[in-house]
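Structure record follows, encoded as structure tokens.
Scope of the values below: all heavy atoms of this structure, side chains included, with no hydrogens, waters or symmetry mates.
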Amino acid sequence: MKKLIVIVSVFAVLLAAMICEMVFVNDYYSKLQSDLETVKKSIDLHEENVDNETTIALCEDVAKKWEEGKNWLLLIQNHNTVRNFDDKIVSLVEVVKSGNYNDAVIFINSAINYIDDVLLDSMPFATNIL
């Protein structure tokens, strides 16, 4: 009977940890995606002058938020996923600072789409499991 209680307890702890991980990842990436949508609007609004102070500040804010949570994500997520998104954020900031509208649009859309893919993979759906 004691073994059964230990097994059920360990299973409950693992289940709680998995649920916490899913909630953290979804919440973090959803907030980051919302911030990226704001950057996208700013890029589209300032098409002729992408390297304006507002857009650069928004990009740097996103990069700062990313840096703050990146280490936690490296602990619980696939390292390649985190590193690929890190490359997208760093590239986005540098492209916006250079004032290249076309590349800025490509990188912002790429980052937003990448988060969509990560969010789809982080939640267990029947298509992910099977």
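- Taking CG from Leu36 and NZ from Lys65, the interatomic distance works out to 10.0 Å, rounded to the nearest 0.5 Å.
- Trp66 and Phe85 have perpendicular rings, their planes meeting at more than 60° on a 0 to 90° scale where under 30° would count as parallel.
- Of all the heavy atoms in Val50 and Thr55, the pair that sits closest is O-CB, 3.5 Å.
- Under the side chain to side chain contact (heavy atoms under 4.5 Å, CB included) test applied with Val10, the options Leu14, Val8, Ile7 reduce to a single match, Leu14.
- Side chains of Tyr28 and Gln77: a donor-acceptor N/O pair is absent below 3.5 angstrom, by distance only.
- The neighbour count for Glu68 CD, taken as heavy atoms of other residues, nucleotides or ligands under 6.0 Å away, is above 12.
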Set out, in order, the CA-CA distance, both residues' side-chain angles and the distance that settles side chain to side chain contact (heavy atoms under 4.5 Å, CB included) for Val105 and Asn102, then state yes or no. CA-CA 5 Å; Val105 169; Asn102 293 329; 5.9 Å; no
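- With Asp44 as the partner, the side chain to side chain contact (heavy atoms under 4.5 Å, CB included) test is satisfied by one option alone out of Lys40, His46, Glu47, Lys41: Lys40.
- Annotation: the span from Cys59 atom SG to Ile43 atom CD1 amounts to 5.5 Å, rounded to 0.5 Å.
- Hydrophobic cluster membership differs between Val82 and Val93, with clusters built from Ile, Leu, Val, Met, Phe, Trp and Tyr side chains linked at under 4.5 angstrom.
- Of the possible polar contacts, one joining the Ser91 side chain to the Asp87 backbone as a donor-acceptor pair under 3.5 Å is found.
- Put simply, CG on Leu119 and CE on Met22 are 13.0 Å apart, with the number rounded to the nearest 0.5 Å.
- Formation of a donor-acceptor pair under 3.5 Å by the Ser42 side chain with backbone atoms of Thr38 is not found in this model.
- Linking Ile, Leu, Val, Met, Phe, Trp and Tyr whenever their side-chain heavy atoms come within less than 4.5 Å leaves Val90 and Val96 in two separate clusters.
- The shortest side-chain heavy-atom distance between Tyr29 and Leu73 falls under the 4.5 Å cut-off.
- Once rounded to the nearest 0.5 Å, the distance linking CG of Leu92 with CD1 of Ile108 reads 4.5 Å.
- Tracing side-chain contacts under 4.5 Å through hydrophobic residues (I, L, V, M, F, W, Y), one reaches Tyr114 starting from Ile89; they form part of the same cluster.
- Asp27 and Lys31 are joined by a salt bridge, as a carboxylate oxygen and a charged side-chain nitrogen come within less than 4.0 angstrom of each other.
- Side-chain contact check for Asn113 versus Asp116: some heavy-atom pair is nearer than 4.5 Å.
- Listed here is the closest heavy atom pair of Lys88 and Ser110: NZ-OG, 3.0 Å.
- Between the CD1 atom of Ile112 and the CZ atom of Phe107 there is a distance of 13.5 Å, given to the nearest 0.5 Å.
- Residues Asn52 and Asn49 share a closest heavy-atom pair of ND2-O, 2.8 Å.
- Note that CD of Glu94 is 12.5 Å distant from CG of Asp103, once rounded to the nearest 0.5 Å.
- Clustering ILVMFWY residues whenever any of their side-chain heavy atoms sit less than 4.5 angstrom apart, transitively, puts Leu45 in a cluster other than the one holding Val39.
- Cluster annotation: Ile76 is connected to Trp72 through the hydrophobic network of ILVMFWY side chains, with a link wherever side-chain heavy atoms come within less than 4.5 Å.
- Of the possible donor and acceptor atoms, one in the side chain of Asn84 sits under 3.5 Å from a partner among the backbone N and O of Asn80.
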